[in-house]
Amino acid sequence: MKKILVALCLVCAIAIPVFASGSSEKSGTVTLTLSEVHAEGYPTTLADYEFARLVEEATEGRIKIEVFSGGTLYGEETGSIEALQIGDIAFARVSASPVASYVPALNIIQLPYLYRDGEHMWQVLNGPIGQDMLAQIQESGSGLVGLAYYDAGSRNFYTKTPVKSVEDMKGLKIRLQNNAMMVEMVQLLGGNGVTGIGPNDVYSAIQQGVIDGAENNWPTYESMGDYQVAPYFVLDGHTRVPEVLLASEEVLNSLDPADVEIIKECAKQTQAYEIEQWALREQSSQEKVVSEGVTVTELTPEQISEFQALMGPLYEKYGAGYEDLIQEIINTGL
Ligand code: BDP
């Protein structure tokens, strides 16, 4: 009897249809998974839900997108990128920084001190250079499809001890995203870059003394609670790294091409919404951490130039072969 039951169960297991794991299908509707490291209410998470809403509406409910926020699926964005490549999930909203490990050309649009300000970055990203980079994510054969850029402001160092000039970076262990160029950036500033720690684990890594600090924008610094353990924030503005909404090429290929067009269109439509949410949160996060006692160090233009002056080797190494493009980026909007 026992043997018969085991045999029956095996038959059942095989009989249950198995769908590409990035999607599941029920009576003509498909549910696609989206991975997000940020919490509910964070600007990118709000944009993920807006994307899901628009896609569901435009496909009359045929395509549903389920958002897994807070890093519940993948705490490290590298994990979600690799899951996209093998079609395990359909979408991930990630930072362009770890994507550059798979599509090296993306380092060009996130070189330190490349943009004069946010407006300059958006002129580049929404112009031919940025759109070509977005297309290159797929054209490079990465298995990833770049759907849209989102805002993530500028990144700044935050530490347990005050950083008032580039000299204070000496010997500091700084957590970075998984990107070799960023590790070299911190080395050039005199510190040591540490990777492999997901953004949701930075707080405990600082608390336990594994690292002396990290670098990020106001909203992540506030949202992850890192300001409570690293209360010195220096406005060095070393990078502007856009967020990217990515899709799995394999999962998109399994869908009706007309639906893929709808997905691409809806993703583009969410950009303005995210930028709006971003501006609000950047302001409120800054106000919150300052009201809770964070020490913000502003640097003079001369002091910022000291940081910037050390970045030459990165432009030479990561910008090799892209000299004209970098110049075009610098000239954009002038
Ligand atoms: C935040 C980005 C998020 C990154 C995180 C990090 O929004 O996508 O994962 O930085 O530093 O600004 O890992």
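One-based numbering along the sequence shown. Whatever order the structure lists ligands and atoms in, that order sets their numbers, starting from 1.
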task: State, without any angle test, whether Tyr115 and Gln123 hold a side-chain donor-acceptor pair at a distance under 3.5 Å.
output: no
message: Strictly under 4.0 angstrom, heavy-atom based: which residues surround ligand 1?
response: Val37, His38, Glu77, Arg93, Ser95, Arg155, Arg175, Gln177, Pro199, Asn216, Asn217, Thr220, Glu243
query: So which pairs with a foot in residues 136-178 pass ring pair (Phe, Tyr, Trp, His ring centres under 6.0 Å), sequence neighbours left out?
result: Phe157-His238, Tyr158-Tyr221
Under 3.5 Å, which donor-acceptor pairs link side chains of residues 169-177 to any protein atom two or more places apart or in another chain?
from	atom 1	to	atom 2	distance (Å)
Arg175	NE	Ile197	O	2.9
Arg175	NH2	Ile197	O	2.9
Gln177	OE1	Ser97	OG	3.3
Gln177	OE1	Arg155	NH1	3.4
Gln177	OE1	Arg155	NH2	3.3
Gln177	NE2	Ser95	OG	2.9

task: Spell out, as yes or no, whether a donor-acceptor pair under 3.5 Å connects the side chain of Glu323 to the backbone of Gly321.
output: yes
- request: Return yes if some donor-acceptor pair links the side-chain N/O of Asn156 with the main-chain N/O of Asp236 below 3.5 Å, else return no.
  value: yes
- request: Mind checking side chain to side chain donor-acceptor pair (under 3.5 Å) for Glu184 and listing every partner two or more places apart, or none if nothing turns up?
  value: Lys317, Tyr318
